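Read through the structure below, which is laid out as structure tokens, and then see the notes.
Since we're looking at a predicted model, the values are computed, not measured.
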2 protein chains.
Amino acid sequence: MKKPSAEKDSDEYRQRRERNNLAVKKSRMRSKQKAQDTQQRVNELKEENERLEAKIKLLSKELSVLKDLFLEHAHNLADNVPPSGTGADGASPATGVNGHGQ
Amino acid sequence: MKKPSAEKDSDEYRQRRERNNLAVKKSRMRSKQKAQDTQQRVNELKEENERLEAKIKLLSKELSVLKDLFLEHAHNLADNVPPSGTGADGASPATGVNGHGQ
DNA sequence: AATAATTGCGCAATTG
DNA sequence: GCAATTGCGCAATTAT
């Protein structure tokens, strides 16, 4: 079961083989390249992820600061503390301080 | 240059071959598996990314709302508008300046 | 029908 | 010495 040595021993057989070998090489190159690209993609996405997480952390921080300011303000109102030296009478019925969210 | 038919025509040669073939198969399986895993990783990271972006969008929105509130407050002070009836709620910027971005 | 691409498989060389 | 990895070619199958 080696080869029907006849027919395709040389000639256009060899030629087909050669072409195929070439195609094979090409195909495998692509395949490898793709794998590398995918790996690369992973790295990029990881970086992107870290950036986003950092941004989230930052925004969260900012938010919490602002919210705290609001709370403080609310407390001041509740404690009947006027914003400035203005002697406007402060008859502000204290309202509930909304809690933190989320 | 076919084969040094002597020595290694059968026997332990065949055995070595067999083992190697096995090893080759194994190795290639792993390789493929790894590639798939990497691809999978990409997908996961993409999802994660979208989640993070969404979160960022949300936080940004919240922040801009709060900031607008502050601005409004500041303007009120500047315009000497004393704190009027304090609503019991604090989550509806239904008044004043709208549409600041970023 | 013809050609290119992809895939499983085995060999041999190399590496660890 | 041995398993793992790698480049290479063959042949079957699939896609164009």
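Looking at B:Ser60, its side chain does come within 3.5 Å of a backbone N or O of B:Ile56 through a donor-acceptor pair. In this structure, B:Thr38 contributes its side chain and B:Lys34 its backbone to a donor-acceptor pair below 3.5 Å.
No chain of hydrophobic side-chain contacts below 4.5 Å, direct or via other Ile, Leu, Val, Met, Phe, Trp or Tyr residues, connects B:Leu58 to A:Val65.
Atom CZ in A:Arg17 sits roughly 13 Å away from atom P in C:dA4 (whole-Å rounding). Here the C1' atom of nucleotide C:dT3 and the CD atom of A:Glu12 are 12 Å apart, to the nearest Å.
In this structure, B:Arg19 reaches the sugar-phosphate backbone alone: every heavy-atom distance under 4.0 Å involves primed, P, OP1 or OP2 atoms, never a base.
Side-chain atoms of A:Arg17 and A:Asn20, non-hydrogen and from C-beta on, do get closer than 4.5 Å to each other.
Base pairing analysis places D:dG1 opposite nothing; no Watson-Crick or G-U wobble pair with both distances below 3.5 Å involves it.
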Original post:
Could you walk me through whether B:Arg16 and B:Glu12 pass the salt bridge (Lys or Arg N to Asp or Glu O under 4.0 Å) check?
Top reply: CA-CA 6 Å; B:Arg16 268 187 292 123; B:Glu12 63 134 328; 3.6 Å; yes
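For the segment residues 20-37 of chain A, residues with any heavy atom less than 4.0 angstrom from an atom of DNA chain D are, sorted by number, A:Asn20, A:Asn21, A:Val24, A:Arg28, A:Lys32.
The side chain of A:Tyr13 places no N or O atom within less than 4.0 Å of a non-bridging phosphate oxygen (OP1 or OP2) of D:dG9.
Of the options B:Leu45, B:Asp37, B:Asn43, a side chain to side chain contact (heavy atoms under 4.5 Å, CB included) to B:Arg41 is made by B:Leu45 and by none of the others.
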